[in-house]
Amino acid sequence: MQKVLITGGAGYIGSMLSTKLLDLGYHVTVIDLLKYDKGSLNHLYFYKNFELIREDVRKKDLIKKLIRKFDFIIPLAALVGAPLCQKFKNDAISTNFGTIKTLCKLATKKNKIIYLTTNSGYGIGEKNKFCDENSPLNPISLYGRTKCDGEDLVRLKVKNYVCFRLATVFGHSYRMRSDLLVNNFVYTALKKKKLTLFEPHFRRNFIHVRDVANAIIFTMKNFNKLKNNVYNLGLSSANISKIILAKKIKKHYKKLKIQIVKNRKDPDKRDYFVSNKKIEKKGFKANISLDEGISELIQVFKNDKNKVVNNY
Ligand SMILES: NC(=O)c1ccc[n+]([C@@H]2O[C@H](COP(=O)([O-])OP(=O)(O)OC[C@H]3O[C@@H](n4cnc5c(N)ncnc54)[C@H](O)[C@@H]3O)[C@@H](O)[C@H]2O)c1
């Protein structure tokens, strides 16, 4: 079976992806410092074809020693999100960009790299824009810039790659993030019974964390068909505004009150529709709905207080 290296494999996306890959019989090696949830991979130590290397992915010698063994490399290790990167600027640059630079230098033709970045730079300053992969990415945060620079480098230097520009991810994973918009709205709705919205008509695209893992597995199985390209990755039916999202949550949680605050700006300037047609034409379509995710999240936050975790 093919061998997969996932850096940051204990994280929100990585722990879901590692689980699904092991279920399918792949050999999975994770490099992760376990910065957040120390138990997100506990259910995987059982597998003989699983290994955790609890190390800093910035160690070049470690990557050099390992890289030749792997068919697929999925570099997820990063400081994720604008506030965290703003707080730890040097670590953000060395982790999010530095490690991709090392990987690009060391990767051989054998290594197939699947790189994820954020689509959060789309639409900034271009109101009402429908974005496809040719739309310019103009990230305003250090986080967005390190991720976009990483994508540029992968596209320039790597022989075999696929890049995904992700919508905002939602849903439960083994390492939880409650800072992501849908997750945060559901958590706040349950805790305060009230959601306060600024600029409620700002739109975004969303995708369930299981669909992200499914897209990566689809890519591994159809690599030659997809390779050396960049794709938007989101749920096409979930190009919606914050107010529509809040109303969807209210349908599941009737006690919720939605309050709109006028004359107050949302510091997150995102407001755009994203086209996911390019990846859909290749045969992958995200299909886990927001309703399924909201109903799942309500159960998680109601029953497990340990699942409320932020990065900062
Ligand atoms: N979740 C999203 O909405 C989203 C959207 C677009 C792109 N992405 C990208 O997907 C990737 C994973 O995101 P996530 O949401 O799973 O984040 P996460 O914070 O849950 O996971 C990151 C993981 O990286 C590990 N890590 C950080 N620095 C490390 C280091 N120096 N050495 C070893 N391990 C280290 C952490 O311990 C953590 O387990 C990131 O590259 C992120 O930019 C995520």
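Just so you know, ligand 1 is whichever comes first in the structure, and atom 1 is the first atom listed for that ligand. Hydrogens, waters and symmetry mates are skipped; everything else that's a heavy atom, side chains included, is used.
Using a cutoff of 4.0 Å between basic side-chain nitrogens and carboxylate oxygens, Asp132 and Lys277 are not scored as salt-bridged.
For Lys60, the NZ atom is loosely surrounded, since the number of other residues' heavy atoms within 6.0 Å does not exceed 12.
Between the side chains of Tyr36 and Arg177, not a single donor N or O lies within less than 3.5 Å of an accepting N or O.
Considering backbone and side-chain atoms alike, Leu79 places every N or O at 3.5 Å or more from each N or O of ligand 1. Looking at Leu33 next to ligand 1, an N or O pair under 3.5 Å apart turns up. Ligand 1 has a nitrogen or oxygen under 3.5 angstrom from a nitrogen or oxygen of Val169. For ligand 1, the polar-atom distance check against Asp56 finds a nitrogen or oxygen pair separated by under 3.5 Å. When only interatomic distances are considered, the shortest N/O to N/O separation between Thr117 and ligand 1 does not fall below 3.5 Å. Ligand 1 has no N or O atom lying under 3.5 Å from any N or O atom of Pro75, backbone or side chain.
Geometrically, Lys3 does not engage Phe70 in a cation-pi contact, judged by NZ or CZ lying under 6.0 Å from the ring centre and within 45° of the ring axis. With a 6.0 Å cutoff to the six-membered ring centre and a 45° limit on the axis angle, Arg203 counts as a cation-pi contact of Phe273.
Contact annotation: Arg165 has no heavy atom less than 4.0 Å from any atom of ligand 1.
With a 4.0 Å heavy-atom cut-off, ligand 1 is reached by no atom of Asn96. With a 4.0 Å cut-off on non-hydrogen atoms, Arg58 touches ligand 1 through its side chain and not its backbone. When heavy-atom distances to ligand 1 are checked against a 4.0 Å cut-off, Leu180 comes that close only through its side chain, counted from C-beta outward. At a 4.0 Å heavy-atom cut-off, ligand 1 touches Val57 through backbone and side chain alike.
Taken to the nearest 0.5 Å, the OH atom of Tyr187 stands 14.5 Å off from the CD1 atom of Ile298. In this structure, the separation between CG on Leu52 and CG on Asn42 is 10.0 Å, given to the nearest 0.5 Å.
Of the candidates Phe170, Tyr12, Tyr36, Tyr143, Tyr143 brings a heavy atom nearest to atom 9 (C) of ligand 1. The option from Asp32, Thr7, Ile13 that lies nearest to atom 39 (O) of ligand 1, judged by heavy atoms, is Asp32. The option with the heavy atom closest to atom 41 (O) of ligand 1, from among Lys38, Lys59, Lys147, is Lys147.
Side-chain atoms of Asn96 come within 3.5 Å of backbone N or O of Leu79 as a donor-acceptor pair. Within the 3.5 Å criterion, the main-chain N or O of Ser289 finds a donor-acceptor partner in the side chain of Glu292.
Under the side-chain hydrogen bond (donor to acceptor under 3.5 Å, both in side chains) rule, Arg165 has a single partner from Tyr122, Tyr115, Tyr231, which is Tyr122.
Applying the 4.0 Å criterion to heavy atoms of Glu55 picks out, from ligand 1, the atoms 32 (N), 33 (C). Counting the atoms of ligand 1 from 1 in the order shown, those under 4.0 Å from a heavy atom of Thr95 are 28 (N), 31 (N). Heavy-atom proximity to Ala10, at under 4.0 Å, picks out these atoms of ligand 1: 39 (O).
The heavy-atom pair separating Ile100 from Pro75 by the smallest distance is CD1-CB, 3.8 Å.
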